[in-house]
Amino acid sequence: MNQDILVAGAGPAGLALALQAHDHGAVVRVVDRRPEAVRPSRALILHPRTLEVLRPLGVTQALLARADTAPAADLRLGSRVVRITFGNLALPDTAFPHLSLVRQMDVERVLAQALADRGVKVERGTELASVRQEPKGVRAVLRSPAGTEEAWFGFAAGCDGPASTVRAQAGLEWTGRPYPVEIVLADAELDGDLPGDAAQVVAGREGLLFAFRLGERATWRLLGTRPATSERLVPGTFGSSVPDADLQALIDAAGLDARVTGLVWSARVGVQRRVAGRFRRGRLFLAGDAAHAYSPATGQGMNAAIQDAANLGWKLAFAAARPGGHGPLLDSYDRERRPVARQILAMTNLVFWAEAGTGPVPSAFRGRLAPLAAPILPALVSRRRLVAAGIRLVSQLGVSYRGSPLSVEGTPRRRGGPRAGDRLPDRLVTAAGQDIRLHGLLARPGVHVLLDRDADGLEGLAPGRLVHVHRLTSVPGRGLIAVRPDGYVGFRGGTAEVGQLATWLTRIGVTG
Ligand SMILES: Cc1cc2nc3c(=O)[nH]c(=O)nc-3n(C[C@H](O)[C@H](O)[C@H](O)COP(=O)(O)OP(=O)(O)OC[C@H]3O[C@@H](n4cnc5c(N)ncnc54)[C@H](O)[C@@H]3O)c2cc1C
């Protein structure tokens, strides 16, 4: 065996997965067929939950340093402009109560740098040509300018985007269809009276137009939708550019008062809605766009990719460290993430239909109904709790894995607080005589065991590099909660009984 895990694809999913697996003890190899590290960004929005799952990997400060953490958007409906702000949201149970506007390019840079700091270099210009699982592991054929190589791994993670080689070679279904809509992305200079402190969002009769002051090759990044043409676009890749006149037509149709003075870069992008039939076949796994493809509505793809990665990386690392007997651990990935993918698909499909659908109903909705509703919008968006509830929904803060084989309620049952499978909310606690936010206390790789104030000590359980024990003196009771590396409660009990905890730790492939 050459290495524990082959990560095919160095987009957000592959980079985050490699980083988390490495920090949980695995030897990883990351390959990407693209020779260059940098490509134009598609995603621009990072959700609070995504920052939370990345926090133990030590990259959130670098990401926040590159992000606008109080973004605002001017929603233009007919003649009315409604400003919505996404900073300082009423989300008290997270350390990141805001949306973050950050380029996908910067997210990838930060993750790749974190890997490089750990001595893991992404092998660019190296393509996974084929992959096959055999009893002793995964056999991969890798092709690069240096030649063709055969290598063996414990597992392969297909983070190789919508046209995934791993998915095809695993024979997994890819159910869904393309949208009859295409997206035009452009970096341009604009002449017009556009405020620079807020993204401009126009829901016009013809479709949607976004203008962000976040261009990579010019001041403005534009994203517009229009009916698909006959040119076949391959989802996940950038299609042909558009002429200046096409971009101006999109702007005019939206009713935005701006003139294109310089179109520096543009691409047409195809979009589709699909979910793989399974996210795992034996030793082969899918994450990110290889597992699901959504419309860009509500900014889900990159966030879901990173959250898949945070669910899978530690599991593969723990499984690689203890060959055999890790059935429930590895089964849990598909059981946990595929239902989430289906929910996101339903949500993005509905929102995309409303904001970009080309049929008479969505067009009338945008052209007539939305402007009629516009007068009540300022009152709605001024209600912080309502906006926060919307962000909680779209950012997967409410995701729970209660039905997972890894979610175990001990006996006697612990009362109150998050249940096994729920996300551990952030809040102020006292530990080792210090008042500290819980997620700050847990901000390092591994499993964290939280003992209530009066819980018995865990005799016989030796905390190791990847099992940390904390006593929360501000939490009355005699029980405990064990938190997985991705921040979900895995086990909880009304008493601190070592036997039950040890059984759960063995189930997830780690020992104290
Ligand atoms: C217009 C647009 C706007 C978007 N906006 C947002 C947003 O605001 N927020 C958000 O969360 N998401 C957004 N998305 C979605 C987001 O860009 C993707 O979901 C995200 O890039 C998925 O990451 P990934 O790592 O799964 O796949 P990718 O980023 O596609 O990376 C896959 C990588 O695998 C490599 N690869 C492929 N095949 C092989 C092979 N055989 N061997 C080796 N390497 C291979 C590719 O070169 C590529 O680098 C948007 C998408 C579009 C189109």
Side-chain angles (χ1 to χ4, degrees), residues 19-20 22-25 48-49 51-64 91-97 114 118 310 314 317-318 397 406 408-410 412-506 508-512:
L19 193 58
Q20 200 203 39
H22 171 276
D23 281 7
H24 288 83
R49 183 65 185 140
L51 286 165
E52 285 187 354
V53 299
L54 288 173
R55 191 170 180 185
L57 308 178
V59 291
T60 44
Q61 286 313 318
L63 288 170
L64 292 173
L91 293 169
D93 68 344
T94 175
F96 310 108
R118 289 152 169 85
W314 63 273
F318 286 179
L397 279 166
L406 301 189
V408 178
E409 294 282 349
R413 253 178 112 100
R414 190 175 196 280
R415 289 179 194 284
R419 288 171 48 181
D422 291 352
R423 160 185 169 267
L424 183 78
D426 194 17
R427 63 193 168 110
L428 196 64
V429 294
T430 309
Q434 251 198 327
D435 293 340
I436 185 169
R437 298 269 305 205
L438 200 42
H439 285 195
L441 184 68
L442 272 54
R444 61 185 157 139
V447 174
H448 294 265
V449 181
L450 307 176
L451 295 175
D452 291 341
R453 186 185 60 205
D454 304 315
D456 293 338
L458 295 170
E459 297 289 320
L461 184 99
R465 190 179 78 79
L466 292 171
V467 181
H468 317 287
V469 179
H470 316 267
R471 185 175 294 276
L472 304 184
T473 49
S474 54
V475 179
R478 300 180 57 79
L480 66 76
I481 286 179
V483 185
R484 311 176 351 170
D486 54 355
Y488 290 86
V489 174
F491 172 79
R492 66 173 196 162
T495 58
E497 210 235 284
V498 179
Q500 291 185 56
L501 174 64
T503 304
W504 179 78
L505 288 172
T506 306
I508 67 161
V510 70
T511 41

Closest non-hydrogen atom pair between [X] and [Y], with its separation:
X      : Y      : answer
Pro445 : Pro56  : CD-O, 3.3 Å
Thr430 : Ser474 : N-OG, 2.8 Å
Leu466 : Val510 : CB-CG2, 4.4 Å
Leu450 : Val483 : CD1-CG2, 4.0 Å
Val447 : Phe318 : CG2-CE1, 4.2 Å

Return the [atom1] to [atom2] distance between [X] and [Y], rounded to the nearest 0.5 Å.
X      : Y      : atom1 : atom2 : answer
Gln20  : Asp486 : CD    : CG    : 6.5 Å
Leu54  : Arg49  : CG    : CZ    : 10.0 Å
Leu451 : Asp456 : CG    : CG    : 9.0 Å
Asp454 : Thr473 : CG    : OG1   : 10.0 Å
Arg444 : Leu57  : CZ    : CG    : 13.5 Å
Arg427 : Thr94  : CZ    : OG1   : 14.5 Å

Non-hydrogen side-chain atoms of [X] and [Y] separated by less than 4.5 Å:
X      : Y      : result
Arg492 : Arg413 : yes
Asp452 : Leu472 : no
Leu441 : Leu438 : yes
Thr60  : Phe96  : yes
Thr503 : Phe491 : no
Leu64  : Leu51  : yes
Leu406 : Arg484 : yes

For residues 418-460, which residue pairs pass the ring-ring contact (aromatic ring centres under 6.0 Å, His included) check, not counting sequence neighbours?
His448-His468, His448-His470
Any donor-acceptor pair under 3.5 Å from [X] side chain to [Y] backbone:
X      : Y      : answer
Arg478 : Thr495 : no
Trp504 : Gln500 : no
Glu409 : Ala420 : yes

Could you check whether atom CZ of Arg437 has more than 12 heavy atoms from other residues, nucleotides or ligands sitting under 6.0 Å from it?
yes
Holding to ring-ring contact (aromatic ring centres under 6.0 Å, His included), I want the full list of residues that pass it with Tyr488, two or more places apart in sequence or in another chain.
Tyr401
Stepwise salt bridge (charged side-chain N to carboxylate O under 4.0 Å, His left out) check, Arg55 with Glu52
CA-CA 5 Å; Arg55 191 170 180 185; Glu52 285 187 354; over 6 Å; no
With sequence neighbours excluded, residues passing side chain to side chain contact (heavy atoms under 4.5 Å, CB included) with Arg465:
none
